[in-house]
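Residue numbers start from 1 in every chain, and the chains themselves are labelled A, B, ... in the order their sequence lines are given, proteins ahead of strands.
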Amino acid sequence: MIHPVNSLTRLGRGTLFLLKVLAGIPQLFVRFGLVTKQMYSVGVQTLLIILVAGLFVGMVLALQLHYTLSTFGAEDTLGLLVDLALVRELGPVVAALLFAGRAGSALTAEIGLMKATEQLSGLEMMAVDPVERIIAPRFLAGFLSLPLLAAIFSAVGILGGYMVGVDFLGVDSGAFWSQIQAKVDFYDDVMNGVIKSIVFGFIVSWIAVFEGYDCLPTSEGVASATTRTVVNSSLAVLGMDFVLTAIMFN
Amino acid sequence: MFKSIELSVGIFVGAGLAALFMLAMQASNLSSISSDGFYEISARFDNIGGLRVKSAVKVSGVKVGQVKAIDYDSESFEAVVTMQVEDKYNQFPKDTIASVFTSGLLGEQYIGLEPGGDEKLLGNQSEIRHTQSAMVLEQIIGQFLFSKASENDNQGF
């Protein structure tokens with residue numbers, strides 16, 4: 001049962017928590033090893049699913065579009081359509097959804113379990129601020145990783161589209177690239193996609209660390225916090241995507 | 001152990017930057033944007049049809065620049081199109097004709113320049129005097145129907 005006052009209280013708590021995390025980020029530059037370690041578990045371990053998903057999304061896009069485009073004799077624009085679809089929408093959004101499922105849930109579960117087993121209070125007892133030591137590196141790692149993952153997703157997707165379109169379906173290789181280079185604008189299309197993925201990285205990392213830090217310190221509480229991370233950050237990503245698209249491509 | 005984590009994170013960040021570089025150079029127009037300078041010329045049209053900012057400016061089918069801005073002059077009731085033309089194509093005579101063409105039957109619209117025979121050349125900020133508006137399909141159909149109808153009227157008498 002969702003109660004409006006409770007939801008607003010949570011939103012306020014989340015915002016205050018975010019401010020605390022952001023205040024803890026500057027001291028991370030002295031000890032960047034903490035962030036590197038988290039980038040391994042958040043970024044590197046998500047890389048495989050991003051590579052595979054990007055490849056297949058690009059391949060299936062090329063198949064579907066070729067089927068429709070060939071009825072108009074417009075196969076040459078295949079590369080352009082695959083590129084635009086990936087760079088503008090699918091790269092940032094699908095990468096963010098996969099990231100929420102693979103890395104966000106793991107972050108929440110890890111932090112929630114630390115809370116349930118009183119490791120966070122233990123740190124506080126030793127006068128170590130858990131937000132600075134535990135939360136901030138994880139937040140920063142997620143925030144830095146997602147734009148890179150989204151760029152890899154788009155690039156691999158385009159290569160997958162090339163593989164299916166040019167190698168299997170016989171679209172001309174020169175037309176594939178020249179249409180892309182003539183029509184895809186670096187600032188309007190590619191950079192706006194990158195900005196999207198930066199925003200999504202911020203949102204997903206924020207939700208993941210907050211849900212973990214805010215969960216009920218029981219096994220049930222950790223489980224429902226993990227679920228909430230995936231559900232809420234997926235919805236937030238899709239909602240934000242509409243808003244950003246409306247602003248950028250108006 | 002920590003060294004191998006650092007190495008894999010390094011590979012990850014490197015791959016991410018490489019992907020971004022590929023998107024920039026191979027999968028967008030960044031590599032084809034000329035680093036040369038541009039000069040600006042403008043032209044006035046009665047009707048520009050579906051011309052937009054960034055539409056191509058072509059001579060003999062070769063792209064030499066793009067539309068920079070489109071304004072409306074409320075005194076002369078004309079559209080004013082400002083074009084950026086690359087510096088290396090600076091040999092257009094003063095009496096060049098600018099027309100709004102459509103690539104293919106339903107394709108996008110662009111400005112086609114047809115060089116004239118004048119000895120003076122178009123410089124920066126100069127204006128093309130001879131222009132030809134876009135063809136608007138509804139107008140052509142309207143004219144066709146009108147002339148058909150008047151033919152029928154004449155036969156009646």
Side-chain angles (χ1 to χ4, degrees), chain A residues 32-33 35-48 50-51 54 72 74 77 79-80 82-84 86-87 91 95 141 144-159 161-162 176-194 197, chain B residues 1-35 38 50-59 61-70 84 86 101-112:
Chain A
F32 208 76
V35 184
T36 314
K37 223 173 190 171
Q38 293 309 318
M39 278 192 79
Y40 176 76
S41 59
V42 169
V44 176
Q45 295 196 327
T46 317
L47 198 55
L48 186 65
I50 291 285
L51 285 173
F72 301 108
T77 56
L80 172 67
V82 170
D83 187 323
L84 281 182
L86 280 167
V87 163
L144 293 177
S145 297
L146 184 52
L148 297 172
L149 290 170
I152 293 173
F153 187 98
S154 299
V156 171
I158 292 167
L159 293 180
Y162 179 86
F176 188 94
W177 290 120
S178 71
Q179 284 277 346
I180 287 176
Q181 286 163 6
K183 301 276 170 58
V184 180
D185 190 77
F186 179 68
Y187 297 101
D188 284 353
D189 296 323
V190 178
M191 278 323 273
N192 276 345
V194 172
S197 63
Chain B
M1 181 58 202
F2 193 71
K3 274 276 177 279
S4 70
I5 288 179
E6 280 185 338
L7 176 66
S8 52
V9 172
I11 293 172
F12 164 57
V13 174
L17 295 178
L20 210 57
F21 183 75
M22 179 212 154
L23 291 180
M25 301 317 287
Q26 180 78 348
S28 77
N29 63 355
L30 195 64
S31 54
S32 59
I33 292 175
S34 161
S35 56
F38 293 95
L51 199 71
R52 288 176 297 134
V53 171
K54 287 193 180 164
S55 292
V57 177
K58 294 182 179 181
V59 183
V62 180
K63 190 182 174 196
V64 295
Q66 61 180 12
V67 173
K68 191 188 169 207
I70 297 174
Q84 283 183 321
E86 284 178 46
F101 289 134
T102 310
S103 50
L105 200 56
L106 297 167
E108 60 182 41
Q109 298 197 294
Y110 64 93
I111 291 191

- Query: Would A:T36 and B:E6 count as having a side-chain donor-acceptor pair, cut-off 3.5 Å?
  - Reply: no
- Task: Below 4.5 Å from any heavy atom of chain A, which atoms of B:K63 appear? Answer side chain, backbone, both or neither.
- Result: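 The answer is neither part of B:K63.
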- Side chain, backbone, both or neither of B:I11 within contact of chain A (heavy atoms, under 4.5 Å): neither
Contacting moiety of [X], where chain B heavy atoms sit under 4.5 Å:
X      : value
A:V87  : side chain
A:L159 : side chain
A:V194 : side chain
A:S41  : neither

- Residues in side chain to side chain contact (heavy atoms under 4.5 Å, CB included) contact with B:A15, at least two apart in sequence or another chain: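 Per chain and number, B:A15 pairs via side chain to side chain contact (heavy atoms under 4.5 Å, CB included) with A:I152.
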- Task: Would you check, one step at a time, whether the test salt bridge (charged side-chain N to carboxylate O under 4.0 Å, His left out) holds for A:K183 with A:D189?
- Result: CA-CA 10 Å; A:K183 301 276 170 58; A:D189 296 323; over 6 Å; no
- About how many Å separate CZ of A:F186 and CE of A:M191, when rounded to the nearest 0.5 Å?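 Taking CE in A:M191 and CZ in A:F186, the distance rounds to 5.0 Å.
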- Query: Between A:Y162 and A:F176, how do the two ring planes meet: parallel, tilted or perpendicular, split at 30° and 60°?
  - Reply: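 Correct class here is perpendicular.
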